[in-house]
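Predicted model only: the values in this text are computed from it and were never measured.
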Amino acid sequence: MCVKKIFIYGVMVWMAIVFQGCALFTTTPTPEVNTQNLSNESAGDAENTKLSRLVGKNYVKGIITALNRTSKGEAWNYVIEGVDTANGKLPYVNFNHKTIVANEGDLVYATFDGMKMTEMLIIKAGYFKNGKRQEFVPKKKPIPEKGAGKRDKAHQILAVPQEEFIKLN
């Protein structure tokens with residue numbers, strides 16, 4: 001009698017799992033249509049023909065060389081020249097975005113999903129000014145003279161022990 005109940009409960013659980021799996025396969029979400037990129041392509045302006053055609057996930061690490069307002073005044077046109085093309089990063093990107101995220105001359109890392117910029121990180125603001133890169137050179141710490149070092153436990157030099165005693169109880 002107990003085996004019969006276990007068998008019935010097992011069949012019920014098995015059927016619930018099977019029907020749950022079938023329900024998951026029948027409800028597929030419809031893909032989202034992005035009309036923003038289509039409106040830019042159909043405008044036919046001369047500036048839209050020079051925009052980069054990006055497909056899938058893309059990344060660029062570079063300097064913003066140009067930041068201009070589009071002719072309609074609804075977006076900002078960015079031109080990023082890549083400084084690092086390792087690991088599949090892009091060497092050049094020309095795209096439009098609604099807002100100003102970074103200024104001209106900033107060193108940035110931008111992520112794209114198709115033609116849409118998903119994120120832009122400013123690595124160094126004002127990196128490229130007056131036609132020159134403004135490299136940050138860290139100041140070297142002055143090296144103290146040999147006898148003027150710290151005298152604490154972290155900087156102690158200990159010799160190897162000469163004798164060792166073990167006392168057993």
Side-chain angles (χ1 to χ4, degrees), residues 20-21 23-160:
Q20 180 69 23
L24 290 176
F25 291 119
T26 59
T27 58
T28 57
T30 58
E32 199 174 291
V33 178
N34 188 355
T35 58
Q36 180 183 7
N37 292 340
L38 296 176
S39 65
N40 284 344
E41 291 175 6
S42 64
D45 290 345
E47 67 185 72
N48 285 339
T49 58
K50 65 181 178 182
L51 293 178
S52 300
R53 302 286 182 223
L54 303 176
V55 178
K57 289 269 188 188
N58 289 299
Y59 308 94
V60 65
K61 178 181 178 184
I63 302 167
I64 299 175
T65 56
L67 176 62
N68 301 315
R69 190 99 168 153
T70 57
S71 62
K72 294 179 183 176
E74 61 191 27
W76 291 89
N77 181 261
Y78 288 85
V79 176
I80 299 177
E81 296 284 336
V83 294
D84 180 15
T85 57
N87 298 327
K89 293 185 200 83
L90 299 172
Y92 171 85
V93 176
N94 186 349
F95 67 98
N96 291 338
H97 192 63
K98 296 178 214 172
T99 60
I100 295 179
V101 183
N103 295 321
E104 195 171 330
D106 291 350
L107 180 65
V108 296
Y109 185 84
T111 306
F112 298 92
D113 189 10
M115 286 294 293
K116 183 180 177 186
M117 182 188 72
T118 55
E119 125 182 274
M120 183 181 286
L121 306 171
I122 300 172
I123 298 173
K124 175 99 171 102
Y127 180 74
F128 193 76
K129 289 184 180 176
N130 302 327
K132 295 181 181 178
R133 291 183 182 176
Q134 305 294 324
E135 301 272 348
F136 175 73
V137 180
K139 294 180 181 176
K140 292 184 179 179
K141 293 181 181 178
I143 300 172
E145 295 178 22
K146 243 183 178 182
K150 290 185 179 179
R151 298 191 102 191
D152 56 3
K153 289 194 176 197
H155 295 86
Q156 261 183 349
I157 299 174
L158 300 175
V160 178

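Contact detail for L67 and N103: the closest heavy-atom pair is CD2-CA, 4.2 Å. Contact between L51 and M115 at its shortest, heavy atoms only, is CB-CE, 4.5 Å. For the pair K61 and I123, the tightest heavy-atom approach, listed with the atom from each and the gap, is CE-CD1, 3.8 Å. Taking each heavy atom of E81 and T65 in turn, the nearest pair found is CG-CG2, 3.3 Å. Across every non-hydrogen atom of A66 and E104, the tightest pair is CA-CD, 4.0 Å. In terms of heavy-atom proximity, A102 sits nearest to V108 at CB-CG1, 3.9 Å.
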Walk me through it: do I122 and L107 pass the test side chain to side chain contact (heavy atoms under 4.5 Å, CB included)? CA-CA 6 Å; I122 300 172; L107 180 65; over 6 Å; no
For N68 and T70: C-alpha separation, side-chain torsions, deciding distance, then whether side chain to side chain contact (heavy atoms under 4.5 Å, CB included) applies. CA-CA 6 Å; N68 301 315; T70 57; over 6 Å; no
Run the side-chain hydrogen bond (donor to acceptor under 3.5 Å, both in side chains) check on N77 and N96 step by step: do they pass? CA-CA 4 Å; N77 181 261; N96 291 338; 2.8 Å; yes
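The aromatic rings of Y78 and F95 sit parallel, their planes meeting at an angle under 30°, below the 60° perpendicular limit.
How far CH2 of W76 is from NE2 of H97: 12.0 Å, rounded to the nearest 0.5 Å. With rounding to the nearest 0.5 Å, the separation of CD1 in I63 from CG in D106 is 10.0 Å. The OG1 atom of T118 sits 7.5 Å away from atom OH of Y59, with the distance rounded to the nearest 0.5 Å. Of the inter-residue distances, the one linking E74 atom CD with R69 atom CZ reads 9.0 Å to the nearest 0.5 angstrom.
For the pair K116 (side chain) and D113 (backbone), a donor-acceptor distance under 3.5 Å is absent.
Looking only at side-chain heavy atoms (C-beta outward), N58 and T111 stay at 4.5 Å or farther from each other. The side-chain heavy atoms of V60 and K89, taken from C-beta on, include no pair separated by under 4.5 Å. Looking at M120 and I80, their side chains come closer than 4.5 Å, going by heavy atoms from C-beta outward.
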